[in-house]
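First the structure, in the form of structure tokens, and then the observations on it.
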Amino acid sequence: MSKSKLDIVREILGEPQRSGHEYLFFCVYCKHHKKKLSLNLDKGKYKCWICDASGPITRLVRKHGTFTQLQAWRQLTGQVEIADFDSLFSQKDEKTAEEQTISLPEEFVSLCNLNSSLTSVQARNYLAKRGIEKGDILRWKLGYCADGEYSGRIIAPSFNLDGKCNYFVGRTYTKHWKKYMNPPEGRDIIFNELYVDWDDDVVLCEGVFDAIKVPNSVPILGSTLREDSKLFMQIVKNDSAIYLALDPDAEKKIEKLVESLLRYGIEVYKIPIAPFKDVGEMNKDEFLRRKGQAKLIKNSDYLLLDRIMSI
């Protein structure tokens, strides 16, 4: 006999208390002594009346259930199964799977110290104008180059899980005609993976200066993301909930990324960006407000992609 949605949730959360059209369970977040976690199976949503935790029931099943329970839930809710998972991970040969490490420019000067030289002041003023605070500078280990190939550029380094530099982005703060100058090494890295919590919501942005404004974010260094990239594979492997905060002028590329994520059963939300050009133009409070307005993209919606992209 096949399981119902209630059967699956009951296996994970225990016996519920019926309340109208909803079911009440003990909250897995705040552990309140009364059953205050309310689930509406028809709407596919949950909410705790004590700690305000809320979201799609899929998230509860994904985080607290087994893989078998998650697959059963996806079948009942019409979500896309994780297809071709093994083949995706087998496409990388040993050479491309090796961890890339690089050195920062010799002229790199950290902005994490009390350096108050003229060039340092210019770099700090540029960051301040972009709404980047001292705490951001420390967390992202930002620096600059006053001389050399990357002269007049903010340097934002990326660190892998071992804390080794695997890439960096160089952005001019002197209005040079070439805004960005990056190292020649490949971009198939997870920018600052050292700081990513895959068990939490992960926000995908285009650039580093977008990601600095956003908690638990990864810049994809562009507007596309291949299915065989290290970042995409980590998303699928961890089954992370993804919030897309990409520039609205790349709708076709966003459409393709949504298609790929849904095909692997990833929980995808789209954050409204307009009328801003990108996340970097927002302050942090504005971004968090808009993240709260993010729309969950369902597989049924995917059949009408033009509707999704008009959000």
Side-chain angles (χ1 to χ4, degrees), residues 12 27-30 37 39 43-48 51-65 67 70 73-74 77 79-80 82 135-136 139-140 158 161 190-221 223 225 229-248 254 257-273 276 278-280 282-299 301-302 308 311:
I12 299 170
C27 182
V28 293
Y29 298 101
C30 67
L37 183 68
L39 272 67
K43 295 181 179 180
K45 299 287 187 178
Y46 72 85
K47 175 180 175 63
C48 176
C51 67
D52 287 331
S54 62
I57 298 176
T58 299
R59 180 181 298 173
L60 280 176
V61 179
R62 175 169 55 83
K63 287 184 175 292
H64 302 283
F67 180 78
L70 177 59
W73 179 265
R74 283 174 169 158
T77 55
Q79 295 182 1
V80 175
I82 297 181
D136 302 321
R139 178 172 177 78
W140 286 77
S158 166
L161 287 175
I190 301 173
F191 203 97
N192 267 344
E193 186 177 10
L194 183 63
Y195 304 130
V196 180
D197 181 358
W198 298 108
D199 292 328
D200 198 356
D201 301 332
V202 177
V203 180
L204 297 186
C205 304
E206 289 198 19
V208 171
F209 288 91
D210 296 327
I212 290 175
K213 300 281 187 75
V214 180
N216 206 42
S217 61
V218 182
I220 63 176
L221 304 180
S223 55
L225 188 63
S229 67
K230 291 181 178 179
L231 175 54
F232 192 96
M233 289 193 291
Q234 278 298 324
I235 291 171
V236 175
K237 180 180 178 180
N238 291 281
D239 198 17
S240 304
I242 296 299
Y243 282 72
L244 298 179
L246 305 177
D247 299 358
I254 297 174
L257 177 54
V258 169
E259 175 186 354
S260 296
L261 291 169
L262 287 180
R263 190 164 74 86
Y264 287 91
I266 301 301
E267 185 182 326
V268 185
Y269 297 80
K270 185 169 183 282
I271 298 174
I273 303 299
F276 295 98
D278 54 41
V279 175
M282 304 180 195
N283 60 44
K284 294 175 182 179
D285 290 339
E286 176 66 19
F287 174 80
L288 291 176
R289 186 182 71 81
R290 287 170 176 260
K291 185 186 177 188
Q293 299 174 341
K295 176 179 173 59
L296 172 65
I297 302 177
K298 301 178 182 178
N299 292 291
D301 293 334
Y302 167 63
I308 296 175
I311 298 172

(message) Let's go through Leu246 and Ile220 carefully: what are the C-alpha distance in whole Å and the side-chain angles of both, what is the deciding distance for side-chain contact (heavy atoms from CB on, under 4.5 Å) to 0.1 Å, and is it a yes or a no?
(response) CA-CA 9 Å; Leu246 305 177; Ile220 63 176; 4.0 Å; yes
(request) Examine distances only and state if a side-chain atom of Arg62 and a backbone atom of Asp239 form a donor-acceptor pair shorter than 3.5 Å. (result) yes
(message) Quick one: does any side-chain atom of Ser158 pair with a main-chain N or O of Asn192 as donor and acceptor, under 3.5 Å?
(response) yes
(request) Looking only at non-hydrogen atoms, find the nearest pair between Pro56 and Tyr46 and report the distance. (result) O-CE2, 3.2 Å
(message) Just so I know, are the side chains of Trp198 and Glu193 near enough to count as touching, which here means a heavy-atom distance under 4.5 Å?
(response) yes
(message) Keeping Ser217 on the side-chain end and Ala211 on the backbone end, is there a donor-acceptor pair under 3.5 Å?
(response) yes
(message) Once rounded to the nearest 0.5 Å, what's the spacing between atom CG of Leu288 and atom CD of Gln293?
(response) 11.5 Å
(message) Working to the nearest 0.5 angstrom, can you tell me the gap between Glu206 CD and Ile254 CD1?
(response) 7.0 Å
(message) So, taking the atom named OH in Tyr243 and the one named NZ in Lys295, what distance separates them when rounded to the nearest 0.5 Å?
(response) 13.0 Å
(request) Could you tell me the separation between the CZ atom of Phe209 and the CH2 atom of Trp140, rounded to the nearest 0.5 Å? (result) 10.0 Å
(message) Within the structure provided, determine whether Phe232 and Leu261 are in side-chain contact (heavy-atom separation under 4.5 Å).
(response) yes
(request) Applying side-chain contact (heavy atoms from CB on, under 4.5 Å), run through Leu231 and Val218 and close with a yes or a no. (result) CA-CA 9 Å; Leu231 175 54; Val218 182; 3.9 Å; yes
(message) Please find the pair of heavy atoms, one from Ile190 and one from Lys230, that lie closest to each other, and give the distance.
(response) CD1-O, 3.7 Å
(message) Check Asp278 with Lys213, please: is the shortest side-chain N to carboxylate O separation under 4.0 Å?
(response) no
(request) Could you give me the CA-CA distance, side-chain angles and deciding distance for Phe287 and Val203, then say whether side-chain contact (heavy atoms from CB on, under 4.5 Å) is met? (result) CA-CA 11 Å; Phe287 174 80; Val203 180; 3.9 Å; yes
(request) Flag the pair Lys45 / Ile57 as yes when at least one side-chain heavy-atom distance between them is below 4.5 Å, and no otherwise. (result) no
(request) Please report the shortest heavy-atom distance between Leu37 and Cys27, naming the atom on each side. (result) CB-CA, 3.8 Å
(request) First locate atom CD1 of Ile266, then atom CG of Leu257, and finally report the distance between them rounded to the nearest 0.5 Å. (result) 10.5 Å
(message) Contact between Val208 and Leu221 at the side-chain level, heavy atoms closer than 4.5 Å - yes or no?
(response) yes
(message) Going by ring pair (Phe, Tyr, Trp, His ring centres under 6.0 Å), name the residues that satisfy it together with Tyr29, two or more places apart in sequence or in a different chain.
(response) His64
(message) Please check this pair: side chain of Arg290 against backbone of Ile271, looking for a donor-acceptor N/O pair closer than 3.5 Å.
(response) no
(request) Carefully, step by step, assess Leu204 and Ile235 under the rule side-chain contact (heavy atoms from CB on, under 4.5 Å). (result) CA-CA 11 Å; Leu204 297 186; Ile235 291 171; 4.1 Å; yes
(message) What I'd like to find out is whether the side chain of Asn216 reaches to under 4.5 Å of the side chain of Val196, using heavy atoms alone.
(response) yes
(request) Would you indicate whether the side-chain heavy atoms of Ser260 and Leu225 approach each other to under 4.5 Å? (result) no
(request) Rounded to the nearest 0.5 Å, what's the gap from CG on Asn238 to CG on Asp200? Could you check? (result) 12.0 Å
(message) Do Leu39 and Leu60 have side chains that approach each other closer than 4.5 Å (heavy atoms only, starting at C-beta)?
(response) yes
(request) State which residues pass salt bridge (charged side-chain N to carboxylate O under 4.0 Å, His left out) with Asp136; sequence neighbours excluded, sorted by chain then number. (result) Lys284
(message) I'd like to check Asp210 versus Asp247 (side-chain heavy atoms, cut-off strictly below 4.5 Å). Are they in contact?
(response) yes
